[in-house]
Amino acid sequence: MIVFRSMTDSDIAAGLALCGAAGWNQLARDWKILLHLSPGDCRVATVNDKVIGTVTTLRYEKYFSWIGMVLVDPAYRGRGTGRQLLDEALQVLQHEETIKLDATQAGRELYLKLNFVDEYHLSRMTTIAPAKSPSVSAARPVHKKDMDTIANFDNQIFGADRQSLLEWMLTGAPELAFVLEDNKVIRGYCLGRHGHNFTQVGPVVAGNYEVAKELVAAALFNCIDQPVILDAMHFDPEWIGWLCSIGFAEQRSLIRMYRGSNRFPGLPEKQFAILGPEFG
């Protein structure tokens, strides 16, 4: 019999084992921030006290909520455990107006049955960071004192406040954090984080493709010869074309989906890369 309960810090090792079995990129640090931001609202599935599945939930104020980290032990797949974990998450978020997630092509059919609809497509892109920066960048490193201004800029585009999450990213990988300004007005920023298999660049939030390109170029210069991933939006063909021209290739496609009103979509065309499917 499968028993569902709230996830705690003591379950992080089990969550990491499930990530490893799935080839996912998360570190203990990623699990910890999810549990910190959503105390009591992430779930595990257990059999005889062994964790065999996980799901996380994250509320972005009153605007929308997020489901992520749907993982099932390979030995228990094909038994409806993933669907049960999603039901647990939906129960946690039952009073939320809008719920979002990033789905794989394989998972999309299940989410459609749960009344999610497509919003737009993304691609997980991978490369080995080149030994030479692909372009000269005018971006400068982000400092802690910049975070209030960056968070205000991000809020308008992401659609909700996530300053605590952005500050967590800056603390974990300051060498991947860059901002580009014009007369002290922010035109864009990027952050990044380290992972088990890859360094991830994102979010990349910018007024246009040229700004996004300079930000990513600056971040890649600090990842030389490292495997890098970036979850890229498809709104600007030049953006995808540039990523491919410097060596990025699609690893897999994703579909952002939502259930509910989606009254606060933000400005997705200015989100050139997301933070990650577990966060949005």
**Prompt:** Is the number of heavy atoms from other residues, nucleotides or ligands under 6.0 Å of H234 NE2 greater than 12?
**Reply:** yes
**Prompt:** Does one side chain, of T54 or R43, offer a donor that lies under 3.5 Å from an acceptor on the other?
**Reply:** no
**Prompt:** With a 3.5 Å cut-off and no angle check, do the side chains of D154 and Q163 form a donor-acceptor pair?
**Reply:** no
**Parallel, tilted or perpendicular: rings of Y209 and W239 (30°, 60°)** = perpendicular
**Asked** Under 4.5 Å between side-chain heavy atoms, hopping through other hydrophobics if needed: is there a path connecting L267 to M233?
**Response** no
**Asked** Side chains of Y60 and D161: do they bring a donor and an acceptor to under 3.5 Å?
**Response** no
**Complete:** Value for CG (L71) from CG (L85), rounded to nearest 0.5 Å, stands at 9.0 Å
**Test item: side-chain donor near acceptor, S261 and E97, under 3.5 Å** = yes
**No-hydrogen, no-angle side-chain donor-acceptor test under 3.5 Å, E175 and H194** = yes
**Request:** Check the pair R79, D73 against salt bridge (charged side-chain N to carboxylate O under 4.0 Å, His left out), reporting the backbone distance first and the verdict last.
**Result:** CA-CA 11 Å; R79 305 184 188 185; D73 187 314; over 6 Å; no
**Message:** Rounded at 0.5 Å granularity, tell me how far OG1 in T199 sits from CD in Q226.
**Reply:** 4.0 Å
**Asked** If two hydrophobic side chains count as joined below 4.5 Å and joins carry through other members, does L90 share a cluster with L58?
**Response** no
**Asked** Any chance the side chains of K100 and N262 put a donor and an acceptor closer than 3.5 Å?
**Response** yes
**Prompt:** Is there a path from V216 to L166 through hydrophobic residues (I, L, V, M, F, W, Y) whose side chains come within less than 4.5 Å of each other?
**Reply:** no
**Item:** Exercise: do E88 and Q84 side chains pair donor with acceptor under 3.5 Å
**Value:** no
**Asked** Going only through I, L, V, M, F, W and Y residues with side-chain contacts under 4.5 Å, is there a path from I150 to V211?
**Response** no
